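The next block holds one structure in the form of structure tokens; read it before the comments.
Being a predicted model, the structure only gives us computed values, none of them experimental. Below, all heavy atoms of this structure are taken into account, side chains as well, without hydrogens, waters or symmetry copies.
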Amino acid sequence: MAKRGLFSKILIANRGEIACRVMRTAKRLGIATVAVYSDADADARHVHEADEAVRIGPARSAESYLSIERILAAVKRTGAEAVHPGYGFLSENPRFCEALEGEGIAFIGPTPSAIAAMGDKIESKRLAAQAGVRTVPGFVGEIKDERHARKIAGEIGYPVMVKASAGGGGKGMRIAWSEAELKDALRSAASEARSSFGDDRLLIEKFIEEPRHIEIQVLADAHGTVLHLGERECSIQRRHQKVIEEAPSPFIDPKTRAAMGEQAVALARAVQYRSAGTVEFIVDRERNFYFLEMNTRLQVEHPVTELATGLDLVELMIRIAAGETLKLKQEQIELTGSAIEARVYAEDPARGFLPSTGRLVTYREPSGGNGSGIRIDSGVIEGGEITIHYDPMIAKLIAFGPDRVSAIQRLAHAIDGYAIRGLATNLPFLAAVARHPRFAEGRLSTGFIAEEFGTAFKSPAPSGAALRTLLALAAVARRRMAEREAGISGQLPGQGAPVPEEWIAALGPERHPLRVEAHGPGYRVRGEGWELEAATGWRPGAPVLEAQLSGKPVAARVEREGALLRLAQGGCSIEALVVPRHLAKALAHIPSKAAPDLSRFLLSPMPGLLVSLAVAEGEEVKAGQELAIVEAMKMENVLRAERDGRIARLHASTGASLAVDQAILEFE
């Protein structure tokens, strides 16, 4: 039974991680839950965790999760009294709210008028200015055409940000550093906005260099109470998509926090806001802050605020929607400790972070639980599939500690202990960020990733302590494999095969002699000029090796292919062929396989839809010229010629569904 005053059944008009997150709170409150799903999500985790589940259409979002009519039909069919929209999809669609209200169904979110006012970036800036909120210098209005855009950009001064008026989530946003770049920025931003939101209106504002992205969480009921719950630092972004967020910010002082909070509350009052919402600001190096936009929904990064304040935002949203009054006062809200969230994405860092799709052949979350300082919000299960149809986020990994140093340490260790196989993920990249000196120092900006890692990431070759750690773990893993093999070799008792203590680890042409001997409850590992003691309960075949190395806890992802071991830890990785020392001479006779020459082909960097082909067979092209556009997970990726040449043959046509590395065209 639901608690008095709350709903007895709610429908979650979303999927994946956020649907599962809302269900957890609803079930704790005694509220029955209804899931909706597309054909692509028939076996998804959120479907199995709900009390009821209703199919709402095919995989395409427009025919399922974005269909107001189909979701409304599911509400009526199940008798749900309220709908929680999660984030994305219909969460900021005022027509959806109005449709629910027309049927007497509660919307667990703000009013349609507040959504409409804040959902339009042009209108929201006007309202913010009227409420006394500082805004980024720019043109408050809709861009008419390219000529108009050039005039405004020239007046503001480059660089400028071109943004979709109805945008969000980093979509429909482009930076133009000069007039020469403005045309492409306008075209691609409008195209992406049209595809994502059905609205290609654009605005232009000044791009603030070395900016920090700081947002204020607000909470308001229908009885006049409006509060702020402090800030979140969301500066570590890639393509305007947040990657790591934390609360509180290491940059914001109490005075700035109070000033930003006051302006966020003023804006919420100006639009008669109700429910949880987020007011986003851009902050310069002098802590001057400017309003960007207001997100009228629950944010992806809300867990860091929950951990830092001890509040359940989903519960508060439900209570507000049920008509309850907030019992909190502003002076009662404090940020304690430090919470940091890393978004685990299905994407390939080595390919410029392009989306990756496939089946989660292995999915093991880091060990730990209550009291460990680790929280994982996920919506997937082992064996599930990440498709091209939806956002590539797999899970959110959140670490909490009494201070920022301990939170970072817990985050880094948990990333190393996360095992996902079957598709590419950004785990190695997240591990590198978590251990980056600049991140530890809190010297962040929205340019952090581009400045420190460029447009792609490749796990660096380990050296020093990092190399010793990986070699020691490889040696211990190989020793435990040998022990297991000896134990099941079929020998008579006392006649088992001996377990070698002397090993050679080959890392490409490098040879590392290692000695692994039993020592107390574990092992002593010796290399050239170093020694470590190791204790572990790892069993061969487990995807994560957790150990104590000379008293320090470490974790590494490990894969085996014969005698070849692949280990990843701390953002570094190795491929080590580990063999007993007496077999070391055989290493010289192992042939290497040459990679095929694919330089004549333009290959699809990801699975996706071939939206357009800009060239024809026999056409001469110049370096940098647009060749094709591939769309995946609502993002358009323009593929350009790397050199001058002639098109010999087209291997795919517009509208084709492409696999990763599928040939699109061929050069002479």
Side-chain angles (χ1 to χ4, degrees), residues 12 14-29 45-46 49 84-88 91 108-109 169 213-219 228-237 241-250 275-280 295 297-318 333-345 365-366 368-380 391 393-404 406-408 410-415 418 426 430 433-434:
I12 298 93
N14 217 297
R15 63 179 300 278
E17 165 282 308
I18 189 58
C20 295
R21 161 70 190 94
V22 174
M23 288 174 195
R24 283 201 305 274
T25 290
K27 290 181 178 182
R28 179 173 59 79
L29 296 173
R45 178 175 170 180
H46 74 281
E49 290 193 357
H84 195 299
Y87 51 74
S91 62
I108 303 175
H213 188 126
I214 310 288
E215 59 191 32
I216 300 290
Q217 177 72 59
V218 296
L219 199 63
H228 75 83
L229 308 185
E231 84 281 357
R232 293 187 288 258
E233 170 94 48
C234 304
S235 297
I236 298 186
Q237 304 177 3
Q241 282 273 21
K242 300 164 190 172
V243 177
I244 291 182
E245 306 101 343
E246 58 184 300
S249 164
S275 194
T278 300
V279 181
E280 300 196 354
N295 290 301
R297 54 172 165 79
L298 193 67
Q299 291 281 88
V300 177
E301 58 272 19
H302 76 274
V304 295
T305 295
E306 292 186 323
L307 290 171
T309 62
L311 300 172
D312 184 327
L313 292 180
V314 173
E315 176 181 348
L316 292 169
M317 292 179 74
I318 292 172
I333 298 167
E334 295 182 24
L335 297 177
T336 59
S338 178
I340 307 176
E341 173 181 299
R343 301 188 188 188
V344 181
Y345 280 111
E365 295 175 350
N370 293 332
S372 69
I374 295 297
R375 165 177 163 178
I376 298 172
D377 286 10
S378 69
V380 300
D391 186 271
M393 190 171 69
I394 296 172
K396 301 182 306 197
L397 171 58
I398 311 103
F400 179 72
D403 51 50
R404 191 169 184 267
S406 61
I408 290 174
R410 289 174 177 177
L411 179 72
H413 185 73
I415 291 170
Y418 217 133
N426 67 337
L430 294 176
V433 172

Exercise. Hey, are E341 and R375 close enough for a salt bridge, meaning a charged N less than 4.0 Å from a carboxylate O?
Worked result: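 Result for this pair is no, no salt bridge flagged.
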For this session: Would you mind checking if R21 and E306 are paired as a salt bridge, meaning a charged N to carboxylate O distance below 4.0 Å?
Result: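 Salt bridge between E306 and R21, a charged N being under 4.0 Å from a carboxylate O: yes.
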Search all heavy atoms of [X] against all heavy atoms of [Y] and return the closest pair with its distance.
| X | Y | value |
| --- | --- | --- |
| Q299 | Y87 | C-CD2, 4.3 Å |
| P366 | Y418 | CD-CD1, 3.6 Å |
| G88 | R297 | N-CD, 4.1 Å |
| N14 | P85 | ND2-O, 2.8 Å |
| I12 | V22 | CG1-CG1, 3.7 Å |
| C20 | G379 | SG-CA, 4.0 Å |

For this session: Report the C-alpha separation of I398 and I374 in whole Å, then their side-chain angles, then the decisive distance to 0.1 Å, and conclude whether the side-chain contact (heavy atoms from CB on, under 4.5 Å) test is met.
Result: CA-CA 6 Å; I398 311 103; I374 295 297; over 6 Å; no
First locate atom [atom1] of [X], then atom [atom2] of [Y], and finally report the distance between them rounded to the nearest 0.5 Å.
| X | Y | atom1 | atom2 | result |
| --- | --- | --- | --- | --- |
| I318 | H84 | CD1 | NE2 | 6.5 Å |
| E301 | E233 | CD | CD | 11.5 Å |
| L411 | S406 | CG | OG | 11.0 Å |
| Q217 | E231 | CD | CD | 12.0 Å |
| L313 | T278 | CG | OG1 | 8.5 Å |
| L219 | H228 | CG | NE2 | 12.0 Å |

Problem set entry | All side-chain hydrogen bond (donor to acceptor under 3.5 Å, both in side chains) counterparts of T305, not counting sequence neighbours |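 Result, side-chain hydrogen bond (donor to acceptor under 3.5 Å, both in side chains) vs T305: R232.
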Problem set entry | Those residues that, when tested against S378, pass side-chain hydrogen bond (donor to acceptor under 3.5 Å, both in side chains) (two or more places apart) |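 side-chain hydrogen bond (donor to acceptor under 3.5 Å, both in side chains) list for S378, sorted by chain: R45, E365.
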Exercise. Where do V300 and K242 land on the side-chain contact (heavy atoms from CB on, under 4.5 Å) test, with the steps shown first?
Worked result: CA-CA 9 Å; V300 177; K242 300 164 190 172; over 6 Å; no
For this session: May I ask you to check whether E334 and T336 show a side-chain donor-acceptor distance below 3.5 Å?
Result: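 Distance-only check fails for E334 and T336.
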For this session: Give a yes or no answer on whether the side chain of H413 reaches the backbone of R410 with a donor-acceptor pair at less than 3.5 Å.
Result: no
Exercise. Counting N and O atoms only, with roles assigned by atom type, does the side chain of N426 sit under 3.5 Å from a partner on the main chain of Y345, one being a donor and the other an acceptor?
Worked result: yes
For this session: Under the side-chain contact (heavy atoms from CB on, under 4.5 Å) rule, what do V243 and L430 come out as? Steps first, then yes or no, please.
Result: CA-CA 8 Å; V243 177; L430 294 176; 3.7 Å; yes
Exercise. How far apart are the C-alpha atoms of I18 and H302, what are their side-chain angles, what is the distance that settles it, and do they pass the side-chain contact (heavy atoms from CB on, under 4.5 Å) test?
Worked result: CA-CA 11 Å; I18 189 58; H302 76 274; 4.1 Å; yes
